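What you see is a predicted model, and the numbers here were worked out from it, not measured in a lab. Along the sequence shown, residues are numbered consecutively beginning with 1.
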Amino acid sequence: MTTLPGLDGWTVRGCTLRDVPAILAITRAGDIAALGEPDWSEDEIVETLTAPAEDPAVDTWLAAGPDGEPVAWAYVDNPQRGPRDNVELYGWPGRGEPAYGPLLELALVRAAERARRNGFERGVLRAGTLASETALVAVLVAHGFSFVKRHARMTRPLGGDERAPEGFDIRPVRPDELPRFHEVLESAFADTPDFQPTPYADWRTALDSLPSISWDEWFVALAGGEIVGVLQSADQALERGEGWVKNLAVLRGHRKTGIGGALLRTAFAAYAAKGRATAGLGVDLTNPTGAYHLYTGVGMRVVFAADVYERALVV
């Protein structure tokens, strides 16, 4: 534990799994203030702290005020070990905001170190925030960050009568098909602006570190006996009774044939059969594949949007 630079009486330290309750309390307080409901789950915190490319002792920070109570949390994230890092900052409303600047400065230093370690002469640090989080936006701008784009979180209710569509060859993925599953993900996302390749070995290591995986919610779509579309679910939203679509990918030559929508409806049916109340996902609103319109076409709506800011790093 060390003094948090620039704040008298404040301290900061790296995180461990023992800090999960404190971190969850901070994120949920912030979510409720900004969104009206909690968005983070305990499993998501654990997943963040135990990710393969993460060293929580130096890549995460828990800040405490003069009374010793943890009120702010931040972490940098770079699963592809590429030149671009991401930083997330959370503060207890009305208490944690003073830590934003000092924590961001720690993140800038650490992101530059990681880029240098990974062999890059230059790097980028990105940060996400809601437009309503004016205190955080002001800190980002003051530290040289500029607006890049907007992401949206989307959801739709599940009535329990959802059914997988007919006329498509869709089924859960088999263990021996995971290399092809990964290949389709990489190929389909390669034409998006922010694509960073992830080697299969790194992808599998990340999967193996997850607290749980519902493999029966991972689907493949076949055409001519070949996998041409995939849907990857995540267990991160189970605590709030939500099925979560982590990735949806269809190879370029098979888009606009209904496969993407069919994969989504198949997943919705699987979620509903398990008693989930909603289905959710995140979407980059600048995605050139038309993903947003696909999602609205299957009944999803925007719950909230988050803005992305970035700053170039000289390492």
Side-chain angles (χ1 to χ4, degrees), residues 4-7 10 12 15 19-20 22-42 44-45 47-49 59-65 69-78 84-111 124-155 194 236-237 239-240 242 244 280-286 292 301-313:
L4 187 60
L7 292 177
W10 288 63
V12 65
C15 302
D19 297 314
V20 169
I23 295 170
L24 190 59
I26 293 168
T27 58
R28 286 188 166 175
D31 289 340
I32 290 171
L35 307 172
E37 61 181 5
D39 191 51
W40 277 81
S41 69
E42 181 175 334
E44 288 177 283
I45 301 293
E47 179 182 339
T48 298
L49 296 180
D59 295 328
T60 70
W61 302 273
L62 190 62
E69 186 75 17
V71 291
W73 177 56
Y75 70 92
V76 287
D77 175 47
N78 189 347
R84 187 176 68 241
D85 253 88
N86 300 289
V87 59
E88 296 282 351
L89 297 102
Y90 294 88
W92 201 291
R95 300 171 62 195
E97 291 91 340
Y100 284 157
L103 288 175
L104 185 58
E105 290 168 10
L106 292 174
L108 284 163
V109 172
R110 180 57 181 158
V124 171
L125 183 61
R126 281 193 171 177
T129 178
L130 302 179
S132 60
E133 295 180 295
T134 55
L136 180 52
V137 171
V139 169
L140 292 171
V141 172
H143 283 77
F145 285 73
S146 301
F147 174 82
V148 178
K149 60 181 179 178
R150 176 163 287 184
H151 282 272
R153 185 189 186 288
M154 304 185 73
T155 188
D194 289 333
Q236 66 188 53
E239 289 184 16
R240 56 178 181 264
E242 184 174 44
W244 187 260
L281 53 77
V283 60
D284 178 352
L285 296 180
T286 61
Y292 174 77
R301 64 178 181 84
V302 173
V303 179
F304 65 83
D307 293 335
V308 178
Y309 290 75
E310 76 173 26
R311 171 180 155 172
L313 303 173

Partners of A29 by side chain to side chain contact (heavy atoms under 4.5 Å, CB included), sequence neighbours excluded?
W92, P93
Can you name the side chain to side chain contact (heavy atoms under 4.5 Å, CB included) partners of E47, sequence neighbours left out?
L210, P211
Start with the C-alpha distance between V20 and E42, add both sets of side-chain angles, then the distance that settles side chain to side chain contact (heavy atoms under 4.5 Å, CB included), and finish with yes or no.
CA-CA 7 Å; V20 169; E42 181 175 334; 3.7 Å; yes
Distance in Å, [X] [atom1] paired with [Y] [atom2], rounded so as to fall on 0.5 Å steps:
{"X": "R311", "Y": "L108", "atom1": "CZ", "atom2": "CG", "value": "5.0 Å"}
{"X": "R95", "Y": "I26", "atom1": "CZ", "atom2": "CD1", "value": "9.0 Å"}
{"X": "D59", "Y": "L49", "atom1": "CG", "atom2": "CG", "value": "10.5 Å"}
{"X": "L4", "Y": "L62", "atom1": "CG", "atom2": "CG", "value": "11.0 Å"}
{"X": "T155", "Y": "W244", "atom1": "OG1", "atom2": "CH2", "value": "8.0 Å"}
{"X": "L89", "Y": "L103", "atom1": "CG", "atom2": "CG", "value": "6.0 Å"}

Side chain to side chain contact (heavy atoms under 4.5 Å, CB included) between T27 and D39, intermediate numbers included
CA-CA 8 Å; T27 58; D39 191 51; over 6 Å; no
For [X] against [Y], the heavy-atom pair lying closest together:
{"X": "L7", "Y": "P98", "value": "CD1-O, 3.4 Å"}
{"X": "V87", "Y": "A107", "value": "CG2-CB, 3.6 Å"}
{"X": "R110", "Y": "V76", "value": "CG-CG2, 3.9 Å"}
{"X": "A127", "Y": "L140", "value": "CB-CD2, 3.7 Å"}
{"X": "A135", "Y": "E97", "value": "CB-CG, 4.1 Å"}
{"X": "R28", "Y": "P38", "value": "CG-CB, 3.8 Å"}

Could you walk me through whether D85 and N78 satisfy the side chain to side chain donor-acceptor pair (under 3.5 Å) test, starting with their C-alpha distance in whole Å, then the side-chain angles of each, then the deciding distance to 0.1 Å, before giving a yes or no?
CA-CA 5 Å; D85 253 88; N78 189 347; 3.1 Å; yes
Go through the structure and list residues passing side-chain hydrogen bond (donor to acceptor under 3.5 Å, both in side chains) with R150, not counting sequence neighbours.
D307
Run the ring-ring contact (aromatic ring centres under 6.0 Å, His included) test against [X] and tell me which residues pass, sequence neighbours left out.
{"X": "F304", "result": "none"}
{"X": "W40", "result": "W73, Y90"}
{"X": "Y100", "result": "none"}

Pair R153 + E37, salt bridge at N-O below 4.0 Å:
no
Sub-4.5 Å side-chain heavy-atom contact between [X] and [Y]:
{"X": "W10", "Y": "P102", "value": "no"}
{"X": "D284", "Y": "K149", "value": "yes"}
{"X": "F145", "Y": "V139", "value": "no"}
{"X": "D19", "Y": "P70", "value": "no"}

Got a sec: does the CD of E105 have more than 12 other heavy atoms crowding it under 6.0 Å?
yes
Test side chain to side chain contact (heavy atoms under 4.5 Å, CB included) on L35 and L130 and set out the steps.
CA-CA 9 Å; L35 307 172; L130 302 179; 3.4 Å; yes
